[in-house]
Amino acid sequence: MKITDAATQLEALGNPTRLAVFRLLVRAGEAGLPVGRIQQRLDMPASTLSHHLKTLCATGLVRQTRERTTLICTADFKLMRGLVAFLVAECCAESACAPADAATRAA
């Protein structure tokens, strides 16, 4: 993964609304969710949701497919896993990692 692609995707997820949309879609799994259901679940105006979905789609984090008159949004799990792998690929490459339980307590 290119660092510029990772930065763009992380920037998109750096917005609280987009992060909420993405997390909702991750929880929905491969079936995804119709735009209307996302709007209901997050209680936001259609225009606001449309704006944020456009950004998530532009970065590749979300895919949209049409089923007749319904627009279905799905998280791109392959891309998500690649982004996470990119973030941890060189974990502790230059020093020893803290034990897992210490990292959990710090969070």
Side-chain angles (χ1 to χ4, degrees):
M1 174 174 279
K2 295 179 185 176
I3 196 161
T4 54
D5 293 338
T8 300
Q9 293 159 3
L10 291 169
E11 181 180 9
L13 293 174
N15 176 281
T17 302
R18 286 191 288 272
L19 184 57
V21 169
F22 188 72
R23 290 187 73 212
L24 182 64
L25 292 173
V26 167
R27 286 193 302 271
E30 288 292 334
L33 289 171
V35 171
R37 178 120 2 106
I38 298 168
Q39 184 183 358
Q40 285 177 322
R41 298 270 302 269
L42 297 177
D43 190 30
M44 73 174 62
S47 60
T48 301
L49 178 58
S50 177
H51 164 76
H52 290 296
L53 283 173
K54 180 179 177 183
T55 300
L56 290 168
C57 289
T59 63
L61 290 163
V62 171
R63 290 177 279 126
Q64 292 182 324
T65 55
R66 186 164 295 282
E67 292 181 11
R68 295 188 180 135
T69 61
T70 304
L71 193 58
I72 307 293
C73 297
T74 310
D76 186 322
F77 291 98
K78 183 177 178 183
L79 191 143
M80 179 189 73
R81 288 183 186 102
L83 181 59
V84 171
F86 174 81
L87 291 173
V88 298
E90 296 185 30
C91 179
C92 305
E94 297 184 20
S95 66
C97 287
D101 61 329
T104 304
R105 283 183 294 210

Pairs under 3.5 angstrom only: tabulate donor-acceptor contacts from the side chains of residues 39-47 to other protein residues two or more places apart or in another chain.
{"from": "Q39", "atom 1": "NE2", "to": "M44", "atom 2": "O", "distance (Å)": "3.3"}

Could you list the donor-acceptor pairs under 3.5 angstrom formed between side-chain atoms of residues 59-73 and any protein atom two or more places apart in sequence or on another chain?
{"from": "T59", "atom 1": "OG1", "to": "L56", "atom 2": "O", "distance (Å)": "2.9"}
{"from": "R63", "atom 1": "NH2", "to": "A75", "atom 2": "O", "distance (Å)": "3.4"}

Can you give me every donor-acceptor pair (side chain of residues 18-37, partner residue at least two apart or in another chain, under 3.5 Å) with its distance?
{"from": "R18", "atom 1": "NE", "to": "A12", "atom 2": "O", "distance (Å)": "2.9"}
{"from": "R18", "atom 1": "NH1", "to": "H52", "atom 2": "ND1", "distance (Å)": "3.1"}

Minimal non-hydrogen separation, T17 against N15, with atom names:
N-OD1, 2.8 Å

If you look only at distance, which donor and acceptor atoms sit under 3.5 Å apart when one is on a side chain in residues 76-83 and the other is two or more places apart or in another chain?
{"from": "D76", "atom 1": "OD1", "to": "K78", "atom 2": "N", "distance (Å)": "3.2"}
{"from": "D76", "atom 1": "OD1", "to": "L79", "atom 2": "N", "distance (Å)": "2.9"}

Between I3 and M1, is there a shared hydrophobic cluster once you connect ILVMFWY residues whose side-chain heavy atoms come closer than 4.5 Å?
yes

According to salt bridge (charged side-chain N to carboxylate O under 4.0 Å, His left out), does anything in residues 85-96 pair up with another residue at least two apart or in another chain? List the pairs.
none

